[in-house]
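Note that the structure is predicted; figures quoted are calculated from it, not measured.
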Amino acid sequence: MNFGLFFLNFQLKGMTSEAVLDDMIDTITLVDKDEYHLNTAFVNEHHFSKNGIVGAPITAASFLLGLTERLHIGSLNQVITTHHPVRIAEETSLLDQLSNGRFILGLSDCVSDFEMDFFKRQRDSQQQQFEACYEILNEGITTNYCQANDDFYNFPKVSINPHCISKENLKQYILATSMGVVEWAAKKGLPLTYRWSDTLAEKENYYQRYLAVAAKNNVDITDVDHQFPLLVNINPNSDTAKQEMRNYIRGYIAEAYPNTNQEEKIEELIKQHAVGTEDEYYESSKEALEKTGSKNVLLSFESMTNKSAVIDLINMVNEKIKKNLY
């Protein structure tokens, strides 16, 4: 099992954007030391609201890579359906060179109808656009060149500069946004990053379908390392931990799930993430990892308001990882 961090960067009422981003920077620089066993960090993409203030995760990752020496840092969900694939290939190849292979490319289809309309993409062909975008950018990364002549893009062969040094070895993850995306990823043997806001039942359903499609297509998934994002708020007072988590995710849930019973959704997520006292979260978290075939755990401590307690908790988690390593 490998451990890393992920950052949603929600800007709650009363917070400044500077404070939100500084918290991310402080946490990442804290663990970018040899004595820590958290090896990765991922930045979430979100647009047009304060429920995630980073609209360009690759840009954020480039800044963080420049600050660090050890961590592998990437986009949690760089949306490719609403971005030009050549641009993403260029940015990826540049970061791969500058970071000496420490950049990780996490990719996603678009999950917002508003964003599809805003960026003038067709909803009725969304899956096809996503797949076409991936083929172009992956060709650029792995061969240094790409071209296109399909229903969505038409351009001659161009060179991606600088060339990507990692090529086929560049680590990629696909955000599990729909069953269609999961099935497509399974056919290619690409690992998933599960969405933190999906229920465990939804994640498990994706995993089982991934296994079935991979088996049907004779895809070897022995080394596929799915990622499980886990919200963390541990406090001696369980009620405090749960209330802080409610306050942190409520705005996003209202925005992303307007037609659901939002309070029920929030309470269900609290039960499925690491929220409460030290004795409350272990079994549920272990069950979630087992049911989703996850080899990587990504942790977010952003809901915790006491920043010194965050440092203490990170150090405690690090000690537990260390004990299991040696």
Side-chain angles (χ1 to χ4, degrees), residues 1-10 19-46 52-54 56-78 88 91-108 141 164-167 169-175 191-194 196 223 225-232 274 289 294-304 307 310-326:
M1 189 69 65
N2 299 307
F3 292 84
L5 302 169
F6 78 103
F7 295 88
L8 297 171
N9 291 306
F10 293 171
V20 173
L21 297 175
D22 282 346
D23 285 344
M24 175 175 66
I25 292 168
D26 290 345
T27 304
I28 285 179
T29 53
L30 169 70
V31 302
D32 185 48
K33 302 179 181 70
D34 290 339
E35 60 263 33
Y36 283 91
H37 301 282
L38 297 161
N39 300 316
T40 57
F42 293 86
V43 185
N44 184 67
E45 176 177 341
H46 191 72
I53 61 171
V54 175
I58 291 181
T59 301
S62 68
F63 178 82
L64 296 169
L65 285 164
L67 283 180
T68 57
E69 297 179 355
R70 186 185 66 84
L71 287 171
H72 289 244
I73 298 174
S75 52
L76 186 74
N77 61 327
Q78 171 64 55
I88 299 174
E91 292 174 342
T92 297
S93 297
L94 177 62
L95 274 189
D96 183 57
Q97 285 256 7
L98 291 175
S99 69
N100 196 27
R102 288 194 294 128
F103 177 65
I104 303 172
L105 183 59
L107 300 172
S108 175
I141 291 168
C164 182
I165 57 175
S166 297
K167 294 184 172 33
N169 293 322
L170 180 85
K171 193 65 181 180
Q172 299 180 31
Y173 290 94
I174 306 299
L175 193 69
L192 303 175
T193 298
Y194 296 101
W196 69 268
D223 296 325
D225 55 339
H226 302 308
Q227 299 193 124
F228 193 99
L230 193 66
L231 302 178
V232 181
L289 296 175
S294 299
K295 297 179 182 178
N296 300 323
V297 184
L298 305 180
L299 307 172
S300 167
F301 303 93
E302 295 166 287
S303 68
M304 297 178 64
K307 299 310 172 186
V310 171
I311 296 173
D312 291 341
L313 182 55
I314 289 174
N315 288 331
M316 182 192 76
V317 169
N318 187 60
E319 284 302 309
K320 290 186 175 182
I321 298 171
K322 183 179 179 180
K323 287 179 181 179
N324 288 324
L325 287 175
Y326 303 107

For I311, give me all partners under side chain to side chain contact (heavy atoms under 4.5 Å, CB included), at least two apart in sequence or on another chain.
L30, N315

Which residues satisfy the side chain to side chain contact (heavy atoms under 4.5 Å, CB included) test with E319, sequence neighbours excluded?
K322

Between the side chain of [X] and the main-chain N/O of [Y], is any donor-acceptor distance below 3.5 Å?
| X | Y | result |
| --- | --- | --- |
| N318 | H37 | yes |
| S75 | G106 | yes |
| E302 | N9 | yes |
| N44 | L76 | no |
| R102 | L71 | yes |

Are [X] and [Y] packed together at the side-chain level, in the sense that at least one heavy-atom pair is separated by less than 4.5 angstrom?
| X | Y | result |
| --- | --- | --- |
| I28 | T68 | yes |
| I165 | N100 | yes |
| I53 | L21 | yes |
| I58 | F103 | yes |
| F301 | L5 | yes |
| L95 | L105 | no |
| D23 | V310 | no |
| F42 | Q227 | yes |

Do D225 and K171 meet the salt-bridge criterion of a basic N to acidic O distance under 4.0 Å?
yes

Rounded to the nearest 0.5 Å, what separation is found between the [atom1] atom of [X] and the [atom2] atom of [Y]?
| X | Y | atom1 | atom2 | answer |
| --- | --- | --- | --- | --- |
| L298 | F7 | CG | CZ | 10.5 Å |
| T29 | M24 | OG1 | CE | 10.5 Å |
| L175 | T193 | CG | OG1 | 6.5 Å |
| I141 | C164 | CD1 | SG | 6.0 Å |
| I73 | L67 | CD1 | CG | 8.0 Å |
| W196 | L230 | CH2 | CG | 12.0 Å |

Derivation of the side-chain contact (heavy atoms from CB on, under 4.5 Å) call for Y36 and I314
CA-CA 9 Å; Y36 283 91; I314 289 174; 3.9 Å; yes

Positive for side chain to side chain contact (heavy atoms under 4.5 Å, CB included) with H226, one of L192, N296, L289
L192

Dump the intermediate steps for side-chain contact (heavy atoms from CB on, under 4.5 Å) on T59 and V54, then the final yes or no.
CA-CA 9 Å; T59 301; V54 175; over 6 Å; no

Kindly indicate, with the supporting measurements, whether the criterion side-chain contact (heavy atoms from CB on, under 4.5 Å) is fulfilled by V232 and V317.
CA-CA 11 Å; V232 181; V317 169; over 6 Å; no

Working note: Q172 + L107, criterion side-chain contact (heavy atoms from CB on, under 4.5 Å); need CA distance, chi angles, decisive distance, verdict.
CA-CA 7 Å; Q172 299 180 31; L107 300 172; 4.1 Å; yes

Salt bridge (charged side-chain N to carboxylate O under 4.0 Å, His left out) pairs, two or more places apart, involving residues 26-41
none

Could you report the tightest heavy-atom contact between P57 and V43, atom names first, then the distance?
CB-O, 3.4 Å

Parallel, tilted or perpendicular for Y194 and F228, by the 30°/60° rule?
tilted

